[in-house]
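Sequence lines set the chain letters: A, B, ... in the order given, protein chains first and strands last, and positions in each chain run from 1.
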Protein chains: 2
Amino acid sequence: MRRSGTRREAILAAIAAGEADVDGLAARFGVSPSTIRRDLQRLSAERAIARTYGGAMLAPMAEEQSLGAREGMNRGAKAAIAAAALDLVPEGETLILDGGSTIAAFGRLLRGRRHRIITNNLPLIALLADQPGIELVVLGGAVRPISMSTSGPLAEAALRCLTADRLLTSADGLMPGLGLCEATLEQVSLKSLMMQRAAAVTVLADASKLGRAGQPCWAPLPARWTLVTDAPERASEAFGAEGAEVVRAPGAG
Amino acid sequence: MRRSGTRREAILAAIAAGEADVDGLAARFGVSPSTIRRDLQRLSAERAIARTYGGAMLAPMAEEQSLGAREGMNRGAKAAIAAAALDLVPEGETLILDGGSTIAAFGRLLRGRRHRIITNNLPLIALLADQPGIELVVLGGAVRPISMSTSGPLAEAALRCLTADRLLTSADGLMPGLGLCEATLEQVSLKSLMMQRAAAVTVLADASKLGRAGQPCWAPLPARWTLVTDAPERASEAFGAEGAEVVRAPGAG
DNA sequence: CGCGTTTTGCGCATTTCGCGCAGGTTCCTG
DNA sequence: CAGGAACCTGCGCGAAATGCGCAAAACGCG
């Protein structure tokens, strides 16, 4: 029977459309849950989907574009850093969330919480827009495809109309005494303005960023700020010596 | 004990490292499977992981398709209207693309072309950001989850810094003499400003929108504008009589 | 029409999950 | 310093989901 292949494609489409539980799919296609289970098992073996308890979800794509590849890098570390940063942020605060995959990982954890979010992090919008407890404001401006974020004069103009309790940001590199570095002046200009507009500054950076000066454009850090990192203490103590509160997230493994 | 937060981060790291089953995690951390289960439940609620049968996996970065469901409605008609509208737009123009699924369908057709795009249509960003021939500017502002678009004072302020060759917009309803209607004043205020800022106005509306006054807030249309619709001529001739150029798209089929 | 292959549905044992309950620890407060 | 609130933890129980084996049905092919 060639039809089963057709049904598996339809199941794939149904899962992509949100129909995710075994019983629902069984009713939808008029077959028994056992059959759906077998189909899901096969699709799972083909790496097309991933099984969940009582259902299935689209498989996490192995690799994709430039952004997806970088998101995969240090993913565990970023998730751990994001979770550690979450404990520092009281519910109800107004947050500025900067661009970058580390901040996106943090933003995902805000689902279910109550916050006002100001962000130029475009992938984050889809993750938070449906949350009833979250009021989302997007900073406009020109889109940087590499980082999927906005920047430029329009973003800065919008930011000048807003203030926040806390900024969460990351960087291409951090150096004691210099601050954080990025590839373009446009980026550091926006980051500096974000720091001015937030009462507290929290920087999320994995171990590979500390002590790295790989970019030419620098933004100084405020007198008091918080660093959340998975790096060992010897790599971060220099920041602590110059006014940063250092929070360690457990390293992967 | 506040340490549980620390353990949850460690669990996150362990899952990223491949340790994925409940019993293994319980043994790894020296706690009962019940506790691990609770931790996984909590991480799952935070969307940091996804539960599987007997374990967990890192949450996929991409999700969200509540909009996708509505996008399916009148999909054929919208695609036909979008294709017809594409013929009206010369390559190289600077376009304002309003929110809504009809405009999103149009924007998808711009892939591979050369344009400057100004938009508050959030789903469109992911579709066009990777296109080398397209320069993308996002209007910031508050996010309306229902339509996945931005609006409000910030969007209008940004728009006041920009002009465009053409506006492509849609509406909840169109009436001869009245213009187009939307659910909120905020929406029509932004649409009116978009019309002022664009040298030409093109409205995409399927047959169900014509002659419908289902919303209380109205924006008048300019003296000359273009209507692209799949409705039969008798439904659109009233608009032609008051200055609109009417372009018919072949009905869905 | 007969046969082999594939698919499907069902029952059963096993595993996992969710929830309530009791005990213990931490922290805050009067 | 004592009391209490909040939290975490472990355990047991009922419910749900899973995997497996087996028999019946559907399909393709000679």
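Taking atom CD1 of residue A:Ile36 and atom P of nucleotide D:dG19, one finds them 14 Å apart after rounding to whole Å. One interatomic measurement links the two molecules: CZ of A:Phe29 to P of C:dT8, which rounds to 12 Å at whole-angstrom precision. For the pair B:Arg8 CZ and D:dC7 P, the computed distance is 13 Å after rounding to whole Å. In this structure, B:Leu40 atom CG and D:dT9 atom P are separated by 13 Å, rounded to whole Å. When rounded to the nearest whole Å, the span between CG of A:Leu25 and P of C:dT8 equals 14 Å. Atoms CZ (B:Arg7) and C1' (D:dC8) sit 8 Å apart, rounded to a whole Å. Distance CD (B:Gln41) to P (C:dG20): 12 Å, rounded to an integer number of Å. To the nearest angstrom, C1' of C:dT7 lies 10 Å from CZ of A:Arg42.
A salt bridge links A:Asp39 with A:Arg7: the closest approach of a Lys/Arg side-chain nitrogen to an acidic carboxylate oxygen falls below 4.0 angstrom.
Listed by first then second residue, pairs satisfying salt bridge (Lys or Arg N to Asp or Glu O under 4.0 Å) with a partner in residues 190-205 of chain A read A:Asp98-A:Lys191, A:Glu182-A:Lys191, not counting sequence neighbours. Sorted by first then second residue, the ring-ring contact (aromatic ring centres under 6.0 Å, His included) pairs that include residues 38-59 of chain A, not counting sequence neighbours, are A:Tyr53-B:Tyr53.
For the side chain to side chain contact (heavy atoms under 4.5 Å, CB included) with A:Val203, the lone residue among A:Leu168, A:Thr229, A:Leu174, A:Thr226 that qualifies is A:Leu174.
Side-chain contact annotation: A:Thr119 with A:Asn121, donor-acceptor N/O pair under 3.5 Å absent.
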Distances for protein N or O near nucleotides 10-15 of chain D N or O, under 3.5 Å:
unit_1: D:dG10; atom_1: OP2; unit_2: B:Ser32; atom_2: N; d: 3.1
unit_1: D:dG10; atom_1: OP2; unit_2: B:Ser32; atom_2: OG; d: 3.2
unit_1: D:dG10; atom_1: OP2; unit_2: B:Thr35; atom_2: OG1; d: 2.4
unit_1: D:dG10; atom_1: N7; unit_2: B:Arg38; atom_2: NH2; d: 2.6
unit_1: D:dG10; atom_1: O6; unit_2: B:Arg38; atom_2: NH1; d: 3.4

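Although no hydrogens or angles enter the test, the distance criterion places a donor-acceptor pair under 3.5 Å between the side chain of A:Asp230 and the main chain of A:Ala207.
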